[in-house]
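The block underneath contains the structure these notes are about, expressed in structure tokens.
So that the names make sense, note that chain A is the first sequence line, chain B the second, and so on, each numbered from 1.
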Amino acid sequence: MPELPEVETIARQLRGLVVGRTVSGFRADWHKLTDPEPVALVAARLGGRRIDAVRRRGKLVVFDLDGDEALVVSLRMTGKLLFREAGAPDGDRFVRGTIDFADGSALAFSDTRKFGRMILVDRTEIAPERGPERRLAKAPLHASLGMEPLSRGFTVRWLASFLARRARAAVKPLLLDGRGIAGIGNIYAIEALWRARIHPLRAAGSLRADETIRLQEALRWVLRKGIRFGGSSLSDYVDARGERGRMQREFEVYGRAGEPCSRCGGEIRRTVVGGRGTFHCPRCQRAPRRRS
DNA sequence: GGCGATGTTTCCCC
DNA sequence: AGGGGAAACATCGC
């Protein structure tokens, strides 16, 4: 999926397109789309609701409705939200569900791999931007999301304390766990670690103060740049207007195995960390002594 | 056709 | 706790 910058791009676009519109109907032909609720129940609760706001939390798109509920959309790997005006064509052949508005416009949810979900929740269930007060045992993602990395709370001090709490974890998989810091995905984790000159396998607790400062800066810099470029579009990924982002041309290491590092000339390597394809420059991101 | 890869999350095992 | 592996799916490239 779409990581934080892509979801932010989509939420901003949708804000201008659907806020104020009233839902007249919801249909879906993939029963797991609203899992664990049946589609018919979600449709019934959604009908007649007005969309008051559209925002992003982590990698989730949140539609705040009039009343106490919110529609939470998880795009996962290939989910797209495609807006269309009244009378415009349907979208692509992977549309799994559609929200119809009273004025004839609609919002389609297209998802090739069917991992995405649309669920209706009470607004109070969504974790606040600093994360839930205490760690929830077995809660759905929207309730357990951690710190927003672009919020004021994401300071060097907060990050240092977070890394200390999770001292034994490898830093890259830790960045990918949204319950700690929300919204960072594989690509932006890779790019931020390169910028901060930190090897993906370093233990979180082993980062020195200067490295922690660099990591905090790098995460924010990379995410903000992603937003400024309209997110990245790999393969056929598009935003809510059906357009491609431009961030993919800015990647320094992602997808660049074998190419020289733009900073030091070292040869960029592809490895697998925590089951995910990972790219780094072995020359300016020094490997830790050894990990088990 | 087979194999491996894909931007996410969750679950099970050790 | 945290790492490994697989699964939820479908498509694409070699």
Side-chain angles (χ1 to χ4, degrees), chain A residues 1-10 29-36 56-61 72-81 92-96 109-119 135-146 162-192 200-206 222-223 226-227 229-239 244-245 247-248 250-251 253-257 270-279 288 290-292:
Chain A
M1 145 171 157
E3 308 181 25
L4 187 154
E6 291 72 37
V7 180
E8 180 67 31
T9 299
I10 290 164
D29 52 17
W30 170 239
H31 70 285
K32 288 188 184 170
L33 182 61
T34 56
D35 191 56
R56 175 193 61 75
R57 179 70 176 91
K59 298 171 195 164
L60 303 175
V61 183
V72 173
V73 180
S74 172
L75 271 18
R76 293 287 187 100
M77 296 283 272
T78 53
K80 308 175 177 81
L81 284 164
D92 59 36
R93 66 192 174 102
F94 300 111
V95 170
R96 311 296 182 190
F109 183 68
S110 156
D111 187 13
T112 320
R113 291 178 70 177
K114 298 180 174 174
F115 290 166
R117 295 291 181 266
M118 302 178 90
I119 59 169
R135 211 160 148 161
L136 295 67
K138 197 173 174 297
L141 185 63
H142 65 267
S144 44
L145 282 169
F162 173 67
L163 295 174
R165 277 198 306 278
R166 306 290 299 277
R168 304 181 68 88
V171 65
K172 189 197 170 216
L174 181 60
L175 292 176
L176 293 181
D177 183 351
R179 294 169 304 182
I181 306 170
I184 300 170
N186 200 38
I187 289 182
Y188 291 91
I190 288 167
E191 292 291 317
L201 282 176
R202 289 281 301 283
S206 77
V222 159
L223 294 170
I227 294 170
F229 278 74
S232 55
S233 299
L234 262 31
S235 66
D236 66 342
Y237 199 77
V238 292
D239 63 27
R244 294 170 60 79
M247 183 63 189
Q248 62 279 11
E250 306 295 314
F251 297 156
V253 280
Y254 180 83
R256 293 188 180 280
R270 181 185 190 280
T271 60
V272 175
V273 176
R276 312 294 306 279
T278 299
F279 298 84
R290 175 224 286 268
R291 295 179 52 84
S292 62

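Nucleotides C:dA8 and B:dG1, compared at atom C1', are 24 Å apart to the nearest Å. Comparing C:dG2 with B:dG7, their P atoms sit 23 Å apart, to the nearest whole Å. For the C1' atom pair drawn from C:dG5 and B:dG4, the interatomic distance equals 16 Å after rounding to whole Å. Annotation: C:dA1 and B:dT8 have their P atoms spaced 24 Å apart (nearest Å).
Across all strands shown, A:Leu174 has no heavy atoms under 4.0 Å from either base or sugar-phosphate atoms. Across all strands shown, A:Tyr188 has no heavy atoms under 4.0 Å from either base or sugar-phosphate atoms. Residue contacts shown for A:Gly116 are absent, as no nucleic acid heavy atom lies under 4.0 Å away. Residue A:Arg165 is classed as having no contact, given no heavy-atom separation below 4.0 Å to the nucleic acid. At the heavy-atom level, A:Gly275 lies nowhere under 4.0 Å from the strands shown.
Heavy-atom nearest nucleotides on DNA chain B were determined for A:Ala139 and for A:Asp236, and the one closer to the 5' end corresponds to A:Asp236.
If you measure from atom CZ of A:Arg96 to atom P of C:dC9, you get 11 Å, rounded to the nearest angstrom. Between the CG atom of A:Leu175 and the C1' atom of C:dG3 there is a distance of 16 Å, given to the nearest Å. Atoms CG (A:Asn186) and C1' (B:dT6) sit 10 Å apart, rounded to a whole Å. Between A:Ile187 atom CD1 and B:dA5 atom P the separation is 16 Å, expressed in whole Å. Look at CZ on A:Arg270: it is 8 Å from P on B:dG7, rounded to the nearest Å. With rounding to whole Å, A:Leu60 atom CG is found 8 Å from B:dT9 atom P. Rounded to an integer number of Å, the gap from CG of A:Asp35 to P of C:dA8 is 13 Å. What separates CZ of A:Phe115 from C1' of B:dC11 is a distance of 14 Å, to the nearest Å.
Residue-to-nucleotide contacts include no donor-acceptor pair under 3.5 Å from the side chain of A:Thr78 to the base of B:dG7.
Between A:Phe109 and A:Val61 there is no side-chain heavy-atom pair separated by less than 4.5 Å.
Side chains of A:Asp92 and A:Ser110: a donor-acceptor N/O pair is present below 3.5 angstrom, by distance only.
Proximity note for A:Glu3 (side chain, C-beta onward) versus C:dG3, B:dA5, B:dG7: the nearest is B:dG7. Listed candidates were C:dG2, B:dT6, C:dT11. Nearest to the side chain of A:Thr112 is C:dT11. For A:Lys59, taking side-chain heavy atoms from C-beta onward, the closest of the listed nucleotides C:dG3, B:dT8, C:dG2 is B:dT8. Nearest to the side chain of A:Ala170, among C:dG3, C:dA10, C:dG2, sits C:dG3. Distance from the side chain of A:Leu141 is smallest to B:dT9 among C:dC9, B:dT9, B:dG7. Closest contact between the side chain of A:Pro2 and the listed nucleotides C:dA10, C:dG3, B:dG7 involves B:dG7.
In plain terms, the two heavy atoms of A:Val273 and A:Leu201 that are nearest each other are CG1-CD2, 3.7 Å.
An OP1 or OP2 oxygen of C:dT11 is reached within less than 4.0 angstrom by a side-chain nitrogen or oxygen of A:Arg93. Contact annotation: A:Lys114 does not reach the phosphate of C:dA8 (side-chain N/O to OP1 or OP2, under 4.0 Å). Taking 4.0 angstrom as the limit, A:Arg276 places a side-chain polar atom (N or O) nearer than this to OP1 or OP2 of B:dT8. Within the 4.0 Å cut-off from OP1 or OP2 of B:dA5, not a single side-chain nitrogen or oxygen of A:Arg113 is found. One finds no side-chain N or O of A:Lys138 lying less than 4.0 angstrom from the OP1 or OP2 phosphate oxygen of B:dT10.
A donor-acceptor contact shorter than 3.5 Å links the side chain of A:Thr78 to the backbone of A:Arg113. At distances below 3.5 Å, at least one donor-acceptor pair connects side-chain atoms of A:Arg117 with backbone N or O atoms of A:Lys114. Looking only at distances, no side-chain donor or acceptor of A:Arg270 sits under 3.5 Å from a matching main-chain atom of A:Val272.
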**Request:** Please test A:Arg166 against A:Asp177 for side chain to side chain contact (heavy atoms under 4.5 Å, CB included), starting from the C-alpha separation and ending with a verdict.
**Result:** CA-CA 11 Å; A:Arg166 306 290 299 277; A:Asp177 183 351; 4.0 Å; yes
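Of the nucleotides present, none pairs with C:dC9 by Watson-Crick or G-U wobble criteria with both distances under 3.5 Å.
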